[in-house]
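Written below as structure tokens is the structure these notes are about.
Both counts, for ligands and for their atoms, begin at 1 and track the order of listing. Sequence positions, counted from 1, serve as the residue numbers for this chain.
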Amino acid sequence: MKRDLVTLLELTREEMLHIIEEATRLKDLQKRGIPHPMLLGKTVALIFEKPSTRTRVSFEVGIAQLGATPIVLRAGEMQLGRGETVEDTGQVLSRYADGIAIRAYSHEAVTSLASAASVPVINMLTDLTHPCQILSDLFTIHERKGAVEGVTVAYVGDGNNVAHSWILAASRLNFTLKLGCPTGYEPSPEIIAEAPKERVTLTHDPKEAVAGADVVYTDVWASMGQEEEAQKRLRDLKDFQVTPSLMALAAKDAVFMHCLPAHRGQEVAAEVMDGPQSIVFDEAENRLHTQKAILAFLLS
Ligand code: CP
Ligand code: NVA
């Protein structure tokens, strides 16, 4: 039976911990120059409906390092862009490729693709979730703090797709998640319903969210597809910028994380983004190692 990664709810706690361990091992092999062609001869189709820098390059490079071939497809250049259904696309691509990864606007489109495809489907971001990002961030926290379980993560800002995947991760792994989001920008109630109440809290006060946290995390205020709301969001979220004074409320050895791309002067002050607590570029690098672990888990 093939497995997909459409949301983090498809993984157990043990599987998440396994992916983190495997990312650690693959990163070490990569750093030591030891080849690890775990998917030799396989092919993975990567479909992009939205722009991407990190996800696209880290998947392409990671697939090549595993001995497989990536095929990048712009959705607008496929028959998908001319009305072929996502289900037919999934069935056809399954005849050529050993796995399909997709970045799409609609989460339901990815769910439909996964149902129709006979090969594993990986969600590379939808309007609802971003599971590969958060699995990778869990690996980064594991690397920095020695473990994920027991850590306190503060997520400050828009209750968006990235916040949603944080909540779903907390439903599996034993860490504390403190969300600080403005009124009207809270995560979706259906996602909140998955959260264990004893470990996931939501406040409208960014200071309360950050107090004592080991990790302070934020994301853009206007996600892809929300460009028209950008000016309103700047006004509505202005008190949720991660500033040096907000960081000062976190634990002394707290780290700052951001999935990137970042907007200095909006969701994060330049002094924090470029300061000594920021680990955003290690975080970006770890997309490569974690996604290789995810691909090996699902495809080998
Ligand atoms: N963090 C992330 O997914 O970045 P890209 O949009 O550049 O892929
Ligand atoms: N929330 C952002 C994440 C980008 C990686 C977006 O969807 O645009």
Side-chain angles (χ1 to χ4, degrees), residues 5-8 23 44 46-63 70 72-75 101-110 122-141 153 155-169 177 179-182 184-188 191 215 217-234 236-237 240-242 256-264 266-268 273 278-292 294-295:
L5 178 57
V6 178
T7 79
L8 293 177
V44 184
L46 307 171
I47 305 173
F48 288 91
E49 253 184 30
K50 292 179 176 184
S52 170
T53 297
R54 280 144 289 271
T55 306
R56 174 173 171 177
V57 178
S58 58
F59 263 102
E60 273 200 80
V61 170
I63 289 164
V72 174
L73 301 156
R74 294 286 319 164
I102 179 166
R103 169 167 285 195
Y105 285 95
S106 151
H107 190 80
E108 290 67 38
V110 178
I122 300 174
N123 172 0
M124 298 194 291
L125 180 147
T126 67
D127 284 353
L128 191 72
T129 59
H130 197 359
C132 294
Q133 178 71 53
I134 301 318
L135 274 176
S136 173
D137 295 338
L138 293 168
F139 166 51
T140 303
I141 293 170
V153 178
Y155 178 95
V156 180
D158 184 24
N160 61 16
N161 46 5
V162 168
H164 288 164
S165 286
W166 269 114
I167 295 169
L168 299 182
L177 178 63
L179 299 148
C181 308
Y185 294 88
E186 298 92 347
S188 120
I191 299 284
V215 177
Y217 197 107
T218 193
D219 184 18
V220 292
W221 289 344
S223 285
M224 290 179 273
Q226 298 174 330
E227 288 75 12
E228 284 178 9
E229 296 172 26
Q231 288 309 314
K232 176 174 164 39
R233 286 170 166 270
L234 274 182
D236 294 348
L237 283 131
F240 287 72
Q241 183 182 101
V242 180
F256 170 73
M257 297 179 71
H258 188 314
C259 60
L260 306 181
H263 301 264
R264 290 172 179 79
Q266 296 185 21
E267 73 274 6
V268 59
M273 173 78 183
S278 173
I279 58 167
V280 299
F281 298 112
D282 287 341
E283 179 184 359
E285 176 188 331
N286 283 340
R287 295 291 302 279
L288 171 68
H289 310 297
T290 312
Q291 287 157 189
K292 284 163 70 179
I294 294 168
L295 286 159

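Of the heavy atoms in Leu260, only backbone atoms (N, CA, C, O) come closer than 4.0 Å to ligand 1. The residue Asp158 has no part lying near ligand 2, judged by heavy-atom distances below 4.0 Å. At a 4.0 Å heavy-atom cut-off, ligand 2 does not touch Thr55 at all.
Within ligand 2, counting atoms from 1 as listed, the ones closer than 4.0 Å to a heavy atom of Leu260 are 5 (C). Against a heavy-atom cut-off of under 4.0 Å, Asn161 is close to the following atoms of ligand 2: 1 (N), 2 (C), 6 (C), 7 (O). Applying the 4.0 Å criterion to heavy atoms of Thr53 picks out, from ligand 1, the atoms 5 (P), 7 (O), 8 (O). Close contacts between ligand 2 and Leu125 involve ligand atoms 3 (C), 4 (C), 5 (C), 7 (O) [criterion: under 4.0 Å to a heavy atom]. The contact set between ligand 1 and Arg287, taken as ligand atoms under 4.0 Å from a residue heavy atom, comprises 1 (N), 2 (C), 3 (O).
Residue Lys50 places no N or O, backbone or side chain, under 3.5 Å from any N or O of ligand 2. Below 3.5 Å of separation, one finds an N or O of Ser223 facing an N or O of ligand 2. An N or O contact shorter than 3.5 Å is missing between Pro261 and ligand 2 by distance. For a threshold of 3.5 Å applied to N or O pairs, the pair formed by Cys259 and ligand 1 contains at least one separation below that value.
In this structure a side-chain-to-backbone donor-acceptor pair under 3.5 Å is missing from Asn161 to Leu128. A donor-acceptor pair under 3.5 Å is absent between the side-chain atoms of His164 and the main chain of Thr129, judged by distance alone. Side-chain N or O atoms of Glu267 include none that pairs as donor or acceptor with a backbone N or O of Thr218 at under 3.5 Å. The backbone N or O of Met124 lies less than 3.5 Å from a partner atom in the side chain of Arg103, making a donor-acceptor pair. Glu283 places a side-chain N or O within 3.5 Å of a backbone atom of His258 that can act as its donor or acceptor partner. For Thr140 (side chain) and Ser136 (main-chain N/O), a donor-acceptor pair under 3.5 Å exists by modelled atom type. Here the side chain of Glu108 pairs no donor or acceptor atom with the backbone of Ser106 at under 3.5 angstrom.
With no hydrogens or angles considered, a side-chain donor-acceptor pair links Glu285 and His289 at under 3.5 Å.
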Worksheet item: Can you check salt bridge (charged side-chain N to carboxylate O under 4.0 Å, His left out) on Asp137 and Arg287, steps first, answer last?
Response: CA-CA 8 Å; Asp137 295 338; Arg287 295 291 302 279; over 6 Å; no
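Protein heavy atom in closest approach to atom 4 (O) of ligand 1: Arg54 NE, 2.8 Å. The protein heavy atom nearest to atom 8 (O) of ligand 2 is Met224 N, 2.8 Å. Looking at atom 6 (O) of ligand 1, its nearest protein heavy atom turns out to be Arg103 NH1, 2.8 Å. Closest protein heavy atom to atom 3 (C) of ligand 2: Asp219 OD2, 3.6 Å.
Asp236 is not listed as a side-chain neighbour of Trp221, based on a closest heavy-atom distance of 4.5 Å or more.
Judged by the shortest distance from any of its heavy atoms, Lys50 lies outside the 4.0 Å radius around the atoms of ligand 1.
Surrounding CD of Glu227 are more than 12 heavy atoms belonging to other residues, nucleotides or ligands, all under 6.0 Å away.
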